[in-house]
Amino acid sequence: MAQPAFDNLDGLCVNTIRTLAMDAVQKANSGHPGAPMGLAPVAYVLWNRFLNYDPKFPYWTNRDRFVLSNGHASMLLYSLVHLAGVVDRDEHNKPKDTPSLPMEQLKQFRQFGSRTPGHPEQEATSGIETTTGPLGQGVGNAVGMAIAQKWMAGYYGRPGFEKLFDHKVYAICGDGCMMEGVASEAASLAGHLKLNNLCLIYDDNGITIDGHTHLAFSEDVAKRFEAYGWDVLRVNDGNDTAGMAAALETFNSSATKPTLIVLKTVIGYGSPHKADTHAAHGEPLGPDEIKLTKKAYGWPEDSSFLVPDGVYGRFQDGIGKRGGAARAAWDKLFADYKAKHPDLATQIETLEQRDLPAGWDKDIPVFPADPKGLATRESSGQVLNAIAKNVPWIVGGSADLNPSTKTFMKFEGAGVFTAKTPAGRNIHFGVREHGMGAIMNGLALSNLKAYGSGFFIFSDYGRGALRLGAVMHIPVVYVFTHDSIGVGEDGPTHQPIEHLASLRAMPNMVVLRPGDANEVAEAYRYTVQQKHQPVTLVMTRQALPTLDRTKYAPAAGLQKGGYVLADAAGGKPDVILIGTGSEVSMVVEAYEKLTAEGVKARVVSLPSWELFEKQDQAYRDSVLPPAVTARVCVEMAAAFGWERYAGPTGAIIAMRSFGASAPLKDLMKHFGFSVENVLKVAREQLAKK
Ligand SMILES: Cc1ncc(C[n+]2csc(CCOP(=O)(O)OP(=O)(O)O)c2C)c(N)n1
Ligand SMILES: [Mg+2]
C-alpha cells in the first residue's frame, strides 16, 4: 500500500484518526465525520502524551478516564481505541489478549452486533468509559468520575499512598453539550467542589446541526465557567498541538480548580468544500470529497482504512509504554498498601467487583406491627442508614431535599463530601436533578454505590440521566419520595401521576414501590445486591400501617415482585385485590371486611412489576390465577398499564387526571381511594361472575 507523504509521525497519526473516521462513516453511509476530523489533534495529544491509561489493562482502577461527551464523534474514540491497541475484557473487566476493536470492527461501524455502534456504548466496547450521545450527559458523568476519584483518595488514601488514587478525568464536549442544562448543572457543582482532577475540553467550532452557533448561542462560555469557579485556558487553533500540550500540562501539573480548555477547531477540517458547514454533520463526505480531503492531508487518494507504517508503533511508544509503566508501578504500590492496610485493600477489591462486604445486611431492622405505622420515606431512611454504615462505598444524597426524602446518612463518621472533606459520604447535589443523575452514573461507573433522591415528580427532570443508567445496566439507586397525590396540599404540580407508568415502561429499570416498612427493608435488600441493575425506589410522604407479618405473608415475598399477602381460606379466592405502596393497607382493610362477610378474597401486594414479570409462569399464575377474573387493582397513579393485571373484565381504581391541591383525605375521597370504594368495586366484580 502506498504510504502518505508526511515527514512528521505525529501528524501522520492525527491524519490516520481523521481518515479512519471518514472511511468508516462513508462505509456505513451514516455518521458524523466532521467532529472527529476537527478534534483529532487534541485527542491524539491527550491520548498519546498525557492519558495514564494502559491499553493492555483497560479497567485498571487508577487509570485516567476519558469521556467523549459529544458522542456523535464516536469514530474519534473508536479510532483511538483501535490505534492504541486497547484490549478486550471479560465479564469481570479482566483483560483479554485480543483487541477490543480490530480493524474489522471499524469497518463494521454502525452495523448490527458490532462493537462500533453509532454512539459509544460502555457495555459494547472495552475501553469506552460511558455511553454518550445525548449531549451534555458525558460532562455530568465526568463530574461523577471526578468526585469518585476524590472520594477514593479521601477515604482510602493513607500516608505514603497518595498516588494510589490520583487519576484525572478528561472529557471532550461540543457546543451542544455546552447548551444543555445537564452539563451546566454538573459544571456548577464541579466548580463548587473544586474538582481540580477534572479537565473539560470544549470543541468551540461555532457550529451545530442547524448552522452557526450564533443562531441560538451567544454567551461567553469561558466567562460562564470562570463564574462557576473553573480555570479557563484557551487554544485558538485546533491544529496547534504544542499549544494543546501546554494547556494540558498546565492542568496536569498545577490545577487547583476544574479546568476548561476552550479549543477553537474547524469541523470537517481539511475537507475543501465541507469544512465549517453543517454538511460535515450527520452524513458521509462522499467519495469525491473524501479524495480531495485525503489529497489535502497528503494521503493516497484511493486508500481506504489506511494505517501508515509507524502509526501503531507511535501509539505503543506513547500511551502504551507510559500507561504500562504507570500501571505496573501502581500494582506494586497496591501490593505495599495491601501489606500495610489489608482490610482497606480488601474493601477496594470488593467494591471493584461491585460485591458487598460480609455483614452488610446485619443491621437491617425488622419493623414491629403498628396500625399507625410510618411513612415509607421514614423507614427508607432508617434502612438506608442501617446498610450504609456497613458498606463504606455507598455514597449519595439528594437534590436539596434531605429533610423530605430522609436519605441523609447520619451514622457516626458518615460526613459530607466537600473539597476539604473528600471522604464524606453525603453529597449535596443542590437543586439539580438532571445533574445529579448524570453524576450518579459517573459514580457508579467508578464502582461506588451511588444513590440520589428527590420528589418523585422531579424524576422527570432527571429522566435523561435515569434512562442512560438503564441503557448502561449500572446499579444506580434512585430514592423518590412523595410518590402520589398523597402529597396533598402541594397540588397537581407536585403530585406524580404518570411517573410510575413511565418508569415501568423504561427497559432495564426496576421500579419498587413498597407497601410498608418491612417491604422497604426487603426493597433495599434487593437493591443493594444488584451489580447491573438500576433501581427506582418509590416512597410515600404519608404514614402507612406496618402490617402484622405473623398474620400476613412475610415481606420477603417482595423479592418476587408480587406475592399473596393474604388469602381466602383454602386458597381459592373469588376476587383478587391488587395494590402497591400506600394502597396495600387499604386493600388489606377491604379484604378483612370482605372476609368477615364470608367473601373469599385474596390480597396481592405487587411492589415491582419488573421483578414479578421475571418469575416463571407457574409462579405468576399461582399469585394471579387466570381463572379468577374478578379483580380490583388499586394505585394512586395513572391507570395506564394496569389492564395487564386487571384483565379485560377487572377493575382499576387509579388516576385519570392530574390531582388537586387539598388535604389528603379530601383527595382520597374525591378520587375514589377509600376502603368503601374498593369494597363497592369488588362487589361489582363479584356480581359479574
Ligand atoms: C440531547 C441531544 N439533543 C440533540 C441531539 C442531536 N444532535 C446530535 S449532534 C448535534 C449538534 C451538536 O453540535 P456540537 O455539539 O457543536 O457538535 P459539532 O456539530 O460541533 O460536532 C445535535 C443537536 C443529541 N445528540 N442530544
Ligand atoms: Mg459545534
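Computed over heavy atoms, backbone and side chain alike; hydrogens, waters and symmetry mates excluded. In listed order, ligands and their atoms are each counted from 1. In this chain, residues are counted from 1 in sequence order.
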Using the side chain to side chain contact (heavy atoms under 4.5 Å, CB included) rule, take Gln495 and Phe658 through it: C-alpha gap first, then chi angles, then the decisive distance, then the call. CA-CA 8 Å; Gln495 293 164 345; Phe658 291 117; over 6 Å; no
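- Listing protein N, O or S atoms at distances below 2.8 Å from the Mg ion (ligand 2), with waters left out, gives Asp175 OD2, Asn205 OD1, Ile207 O.
- Under the 30°/60° scheme for interplanar angles, the aromatic rings of Tyr478 and Phe480 are found to lie parallel.
- Ring pair His214/His212 is parallel by interplanar angle, where below 30° counts as parallel and above 60° as perpendicular.
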Side-chain atoms of residues 248-259: list all donor-acceptor pairs with protein atoms under 3.5 Å, sequence neighbours left out, distances to 0.1 Å.
| unit_1 | atom_1 | unit_2 | atom_2 | d |
| --- | --- | --- | --- | --- |
| Thr250 | OG1 | Ala246 | O | 2.9 |
| Ser253 | OG | Glu249 | O | 2.7 |
| Ser254 | OG | Thr250 | O | 2.9 |

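- A distance-only check finds no donor-acceptor pair linking the side chain of Gln533 to the backbone of His473 [under 3.5 Å].
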Donor-acceptor pairs under 3.5 angstrom involving side-chain atoms of residues 170-180: please list them, not counting sequence neighbours.
| unit_1 | atom_1 | unit_2 | atom_2 | d |
| --- | --- | --- | --- | --- |
| Asp175 | OD1 | Tyr202 | OH | 2.6 |
| Asp175 | OD2 | Ile207 | N | 3.3 |

Report every pair formed by an N or O atom of ligand 1 and a protein N or O atom separated by less than 3.5 Å, giving atom names and the distance to 0.1 Å.
| unit_1 | atom_1 | unit_2 | atom_2 | d |
| --- | --- | --- | --- | --- |
| ligand 1 | 15 (O) | Asp175 | N | 3.3 |
| ligand 1 | 15 (O) | Gly176 | N | 2.7 |
| ligand 1 | 16 (O) | Asp175 | N | 3.2 |
| ligand 1 | 16 (O) | Asp175 | OD2 | 3.0 |
| ligand 1 | 16 (O) | Ile207 | O | 2.8 |
| ligand 1 | 17 (O) | His72 | NE2 | 3.2 |
| ligand 1 | 19 (O) | Ile207 | O | 3.4 |
| ligand 1 | 19 (O) | His281 | NE2 | 2.3 |
| ligand 1 | 20 (O) | Asn205 | OD1 | 3.0 |
| ligand 1 | 20 (O) | Asn205 | ND2 | 2.6 |
| ligand 1 | 20 (O) | Ile207 | O | 3.1 |
| ligand 1 | 21 (O) | His72 | NE2 | 2.8 |
| ligand 1 | 25 (N) | Gly133 | O | 2.8 |
| ligand 1 | 26 (N) | Leu135 | N | 3.0 |

Mind running side chain to side chain contact (heavy atoms under 4.5 Å, CB included) on His494 and His482 for me, showing each step along the way? CA-CA 8 Å; His494 281 53; His482 299 58; over 6 Å; no
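- Between Phe456 and His499, the distance from one ring center to the other falls under 6.0 angstrom.
- Cation-pi geometry between Lys107 and Phe305 is met: under 6.0 angstrom from the ring centre, within 45 degrees of the axis.
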